[in-house]
Amino acid sequence: MKRTEITELYSKTAELSGKAVTVCGWVRTIRDSKALGFIDLNDGSCFKGVQIVFEANRISNFTEVTKLNVGSALVVTGELVLTPQAKQPFEIHADKIEAEGLSSPDYPLQKKRHSLEFLRTIAHLRPRTNTFSAAFRVRSAAAFAIHKFFHENGFVYVHTPLITGSDCEGAGEMFTVTTLDAENPPRKKDGTVDYSQDFFQKHTSLTVSGQLEAECMAMAFGKVYTFGPTFRAEKSYTQRHAAEFWMIEPEIAFADLQDNMKLAEAMMKYVIKYVMDTCPDDIAFFNQFIDKGLVDRLTNVVNSDFACVTYTEAIEILKKNNDKFEYKVSWGSDLQTEHEKYLTEQVFGKPVFVTDYPKEIKAFYMRLNDDGKTVAAVDLLVPGIGEIIGGSQREERIEILQQRMKEFKLNEENYWWYLDLRRYGGTKHAGYGLGFERLVMYLTGIANIRDVLPFPRTTGTAEF
Ligand code: 4AD
């Protein structure tokens, strides 16, 4: 059987007109009257479905087909007929309809509009709805665009480990990986868990970032990126935090903070443009039903320069508006979502880089600035989301790095290899992490991270 995807029917309509085609998909709607019936069939290859027309005098199993429930999986062979007068440009006049998988009458996805909250409870079926079908196609296109961008720019794609013995962010928000009995682990005399009997013979966790290992690879390949799953045991019940998410982390040798920002801006624009060009129907759907300003906003981002302020300047702006915020700001405080939104939505109206944060609120590996108070950090904030990228120039001076590790109470023994990079040809270098789900939220206007992850893991949720 030669199967034609529905997307091909749309891209090659003229060529296929009058020809026999076979399409495979799932029934969205089905209705019939007397000797004639209509099925709206979707196969996920594009936003649109195809209308199947079936007639009693043309297919042998007409009565059985009329009894099919929504959600059934069909293989349909028929003629592609142009319908210039109708809403859709063509339909398929079926010669054969085979029900490969029947669906029960209690199929949860009926024609009415379901709430996103309800659809989260059926994550195994929601990819068959318009919203999720579009969201996960955009997700796929964005992932491809990222690889394409980095490969076109000479980056090597590296795979960093998911199980790790070090805490990159030093924030202690890691999931422990162990083969020890969780309820009754062996303990040392001082009462602490004895990991010498564990599979790895030490305490290990799921990675919060591939950065430290990416730095090793950058010191061999010059320009690298990772793109993989990342895990954080943050107890944040927010719309933009997940316990398992994907992160893109480029790392560039012989580069400073400015180079880092240039790369981030070029990447963002490339990915947005690619997705708008390749998923126009999906984006149009989001623009109509999820976020009315989406297309204008994305177009503006591609065509304008990102803004840039230092943290100190940002605090000055925010302080003048402290009465508007639940969390009041002062120099030294971390920016909350409300501040990030205010800066991007009210002050700049576009993506904004915020640089040079106080060293106390950023990670140990960020390069200390000459003022001794701030580090060469950069966050990219975007309207609607807030922080989408976090990055920095890395500390390449070993004494300062060791001092910073002491301040963060990190055990140097766990980072001997990271320190070695500074001993053996360490260069100036920089990188960043882009939260992939936040990017997909930005591309679709979807407000909750649970709706851009096929099977979200958040506090208290690991269903499916
Ligand atoms: O700012 P973060 O913590 O930076 C790092 O992990 C660096 N090591 C990256 C690097 O320089 N290579 O995280 C980077 C981005 C954030 O800006 C955010 O978009 C995303 O990762 N992120 C999350 N996304 C979803 N759920 C969470 N719990 C996230 N935590 C961070």
Side-chain angles (χ1 to χ4, degrees), residues 139 142 146 150 155 158 160 164 166-175 205-218 223-252 255 257 259-261 263-264 267-268 271 334-335 337 340 344 351-355 357 361-367 375-382 384-395 408 418 429-443 446-453 456-459 461:
R139 192 179 162 104
I146 281 161
F150 283 114
F155 282 68
V158 299
T160 49
T164 159
S166 56
D167 179 358
C168 173
E169 293 306 300
E173 290 164 334
M174 306 186 80
F175 289 102
S205 319
L206 292 178
T207 188
V208 293
S209 161
Q211 177 199 319
L212 304 189
E213 294 87 352
E215 284 185 53
C216 305
M217 302 302 266
K223 295 194 286 188
V224 301
Y225 74 103
T226 70
F227 185 175
T230 312
F231 308 88
R232 294 203 185 172
E234 285 173 286
K235 286 221 159 142
S236 297
Y237 296 90
T238 78
Q239 300 210 336
R240 50 178 214 162
H241 287 90
E244 180 180 303
F245 61 100
W246 286 62
M247 188 150 59
I248 294 102
E249 296 184 272
E251 194 67 37
I252 28 179
L257 199 66
D259 299 314
N260 212 19
M261 285 154 60
L263 180 70
M267 177 204 67
M268 288 293 289
V271 175
D334 213 349
L335 300 186
T337 309
E340 296 174 349
T344 52
V352 51
F353 287 115
V354 180
T355 65
Y357 285 73
I361 58 170
K362 287 291 180 185
F364 74 97
Y365 51 72
M366 297 189 178
R367 193 176 197 280
V375 285
V378 61
D379 282 358
L380 177 65
L381 317 180
V382 296
I385 311 272
E387 184 196 327
I388 195 165
I389 283 179
S392 65
Q393 187 172 333
R394 319 307 188 188
E395 185 56 80
F408 278 80
Y418 189 66
H429 64 295
Y432 62 81
L434 164 69
F436 186 54
E437 283 68 26
R438 294 197 188 168
L439 174 68
V440 180
M441 289 165 74
Y442 192 53
L443 289 165
I446 290 177
N448 196 314
I449 199 163
R450 292 164 182 80
D451 299 328
V452 297
L453 276 155
R457 272 92 183 85
T458 52
T459 326
T461 315

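As the structure lists them, so they are numbered: ligands from 1, and atoms in each ligand from 1. For reference, positions follow the sequence shown, starting with 1.
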Check: Is there a ring-ring contact (aromatic ring centres under 6.0 Å, His included) between Phe227 and Phe436 once you walk through the steps?
Finding: CA-CA 9 Å; Phe227 185 175; Phe436 186 54; 5.1 Å; yes
Check: Between Tyr225 and Phe150, what is the ring plane arrangement, given parallel below 30°, perpendicular above 60°, and tilted in between?
Finding: parallel
Check: For Phe231 and Phe175, what are the C-alpha separation, side-chain angles and deciding distance, and is it a ring-ring contact (aromatic ring centres under 6.0 Å, His included)?
Finding: CA-CA 7 Å; Phe231 308 88; Phe175 289 102; 7.1 Å; no
Item checked: From Glu251 atom CD to Thr160 atom OG1, the distance as rounded to the nearest 0.5 Å -> 11.0 Å
Note to self: What I'd like to find out is whether the side chain of Tyr432 reaches to under 4.5 Å of the side chain of Ile248, using heavy atoms alone.
What the structure shows: no
Check: Which protein residues have a heavy atom under 4.0 Å from ligand 1?
Finding: Cys168, Glu169, Ser209, Gln211, Arg232, Glu234, Arg240, His241, Ala242, Phe245, Met247, Glu249, Tyr365, Glu387, Ile388, Ile389, Gly390, Gly391, Arg394, Gly431, Tyr432, Gly433, Gly435, Arg438, Ile449
Next item on the list: Sort and list the pairs that fulfil salt bridge (Lys or Arg N to Asp or Glu O under 4.0 Å) and have at least one residue in residues 223-239, not counting sequence neighbours.
Entry: none
